Amino acid sequence: MPPEIRKIVTIVEEVMQEGERQVAPPSRRAAAVAIIRNPFAGHYQDDLGPLIEIGEALGGLLAARAVAALGIEGAQVESYGKAAAVGADGELEHAAAILHPKFGAPFRKVLGTGAALIPSSKKRGGLGVPLDIPLGHTDAAFVRSHFDGMEVRIADAPRAAEIIVAVAIAASGRPHPRIGGLTKDQIIGADGLR
Amino acid sequence: MPDVALRKTLVYIEEVFHEGGPPAATPLLRGGVCAVIANPFAGRYVQDIAGFMEDLEPLGRGMAARLLAALGGDPALIEGYGKGAIIGEAGELEHGALWHVPGGYAMREALGDAKAIVPSTKKVGGPGARLDVPIMHINASYVRSHFDSLEIGIADAPRAGELLLALVMTTGPRIHARVGGLQAADIAEHDGLR
């Protein structure tokens with residue numbers, strides 16, 4: 001089942017200054033968000049296969065939109081995350097079906113990288129509900145400078161029978177990281193963790 | 001007058017396919033660009049503030065160009081516009097009014113001397129405050145199909161001593177506009193109104 005998309009939103013954030021200090025070069029991140037019809041709103045559906053297919057389609061589409069919005073190559077993306085919010089008449093499990101089984105492979109294909117797990121969050125909510133998309137390094141989940149998050153909200157979504165599906169990517173870690181831990185130049189790259 | 005100290009920018013683009021009715025042949029684009037800058041007058045009463053409008057002109061032109069580029073880059077495709085400001089709590093509503101001239105004229109210039117007034121709104125608000133920026137047709141304010149608005153905002157802005165400045169543009173009427181009134185095709189007076 002292809003997703004029935006009502007609208008797509010892209011957001012690009014560029015930070016020039018944080019903590020009264022210049023960020024050079026500016027840190028840049030983007031989110032791409034699709035608002036889709038929830039085919040199973042209002043009734044219990046045992047087989048969520050169609051939502052898994054929808055997730056597979058959106059993983060690639062949203063990743064491509066976000067990368068294009070940042071105007072960089074997929075390989076330059078350093079961190080990523082995903083999230084979904086189901087409208088009032090849907091189930092949390094609908095968000096899980098979209099995000100978890102098949103969303104990641106096409107997302108990683110767009111980036112050409114992605115050994116690390118894609119951090120995620122999900123919730124149910126009404127119109128304008130804020131979605132905090134977690135961000136983590138694409139190749140090594142323990143890279144501490146890249147633990148981050150991006151808030152997105154769409155004023156008119158999700159309606160009761162809709163689902164918001166979002167990805168976020170960043171071309172760098174947090175501005176001025178200085179709390180230690182694994183750094184990106186120490187990545188071993190064997191297990192997606194370190 | 002002080003320099004413009006830019007902390008961050010955000011570009012928000014919506015691509016609307018439908019809102020429950022027949023999908024449009026060409027999806028509607030609605031976009032906003034926000035800049036978060038230091039409010040040079042925060043925390044005290046300053047009588048002479050008007051000179052800051054000129055300092056904001058390059059920022060206004062840069063924002064208009066950036067938004068236009070994010071909407072495809074062709075000024076001929078832009079049909080609606082609006083502007084707004086959120087003033088952090090240590091500032092005054094009057095500080096937001098400084099955006100009228102540099103924001104409005106930058107956008108009109110970028111669109112080839114659009115004739116209609118740029119509708120606007122402003123308020124004092126905290127980080128995460130949302131602003132419904134009004135939108136009207138760029139050449140004739142009375143075109144009913146183009147009365148619209150776009151909600152914008154940034155989770156961490158404006159801080160107390162900051163200003164959040166915004167410009168918005170759209171590429172067409174509301175997605176299922178059907179309440180009559182003056183149509184864009186019937187603009188005849190060329191006075192910015194009808």
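Source: prediction; values computed, not measured. In the text below, chain A, chain B and the rest are named by the order of the sequence lines, each starting its count at 1.
At most 12 heavy atoms of other shown residues, nucleotides or ligands fall within 6.0 angstrom of atom CD in B/Glu89. Summarising the local packing, CD of A/Gln186 is surrounded by more than 12 heavy atoms from other residues, nucleotides or ligands at distances under 6.0 Å. Around atom NZ of A/Lys123, more than 12 heavy atoms belonging to other residues, nucleotides or ligands sit under 6.0 Å away.
Of all heavy-atom pairs between B/Thr9 and A/Met16, the closest is CG2-CE, 3.7 Å.
Heavy atoms closer than 4.5 Å to chain B are found in the side chain of A/Arg65, but not in its backbone. Residue A/Arg37 does not touch chain B at all, counting heavy-atom pairs closer than 4.5 Å.
Chain A is approached within less than 4.5 Å, heavy atom to heavy atom, by no residue from residues 169-194 of chain B. Contacts with chain B (heavy atom to heavy atom, under 4.5 Å) involve these residues of residues 2-15 of chain A, listed by number: A/Ile5, A/Arg6, A/Lys7, A/Ile8, A/Val9, A/Thr10, A/Ile11, A/Val12, A/Glu13, A/Glu14, A/Val15. Residues of residues 138-166 of chain B lying under 4.5 angstrom from chain A, judged on non-hydrogen atoms, are B/Glu151, B/Ala155, B/Arg159 by number.
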Exercise. Where do B/Tyr12 and A/Ile154 land on the side chain to side chain contact (heavy atoms under 4.5 Å, CB included) test, with the steps shown first?
Worked result: CA-CA 10 Å; B/Tyr12 176 96; A/Ile154 313 298; 3.7 Å; yes
Problem set entry | From CA spacing to verdict: side chain to side chain contact (heavy atoms under 4.5 Å, CB included), B/Lys8, A/Val23 | CA-CA 10 Å; B/Lys8 71 190 277 185; A/Val23 180; over 6 Å; no
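Transitive grouping of hydrophobic side chains (ILVMFWY, heavy atoms separated by less than 4.5 Å) brings B/Tyr81 and B/Leu67 into a common cluster. Hydrophobic clustering, with ILVMFWY side chains joined whenever heavy atoms are under 4.5 angstrom apart, groups A/Ile72 together with B/Val11. Both A/Val110 and A/Ile169 are members of a single hydrophobic cluster when ILVMFWY side chains are connected at heavy-atom separations under 4.5 Å. Cluster membership check: B/Ile87 does not share its hydrophobic cluster with B/Leu10, using side-chain heavy-atom separations under 4.5 Å among Ile, Leu, Val, Met, Phe, Trp and Tyr. Linking ILVMFWY residues whenever their side-chain heavy atoms come closer than 4.5 Å, directly or via other members, places A/Met1 and A/Leu51 in the same cluster.
Within the model, atoms CZ of B/Arg7 and CD of A/Glu20 stand 9.0 Å from one another, a figure rounded to the nearest 0.5 Å.
For A/Asp89, there are no salt bridge (charged side-chain N to carboxylate O under 4.0 Å, His left out) partners at least two apart in sequence or on another chain.
With a 4.5 Å cut-off on side-chain heavy atoms, A/Ile35 and B/Phe17 do not count as touching.
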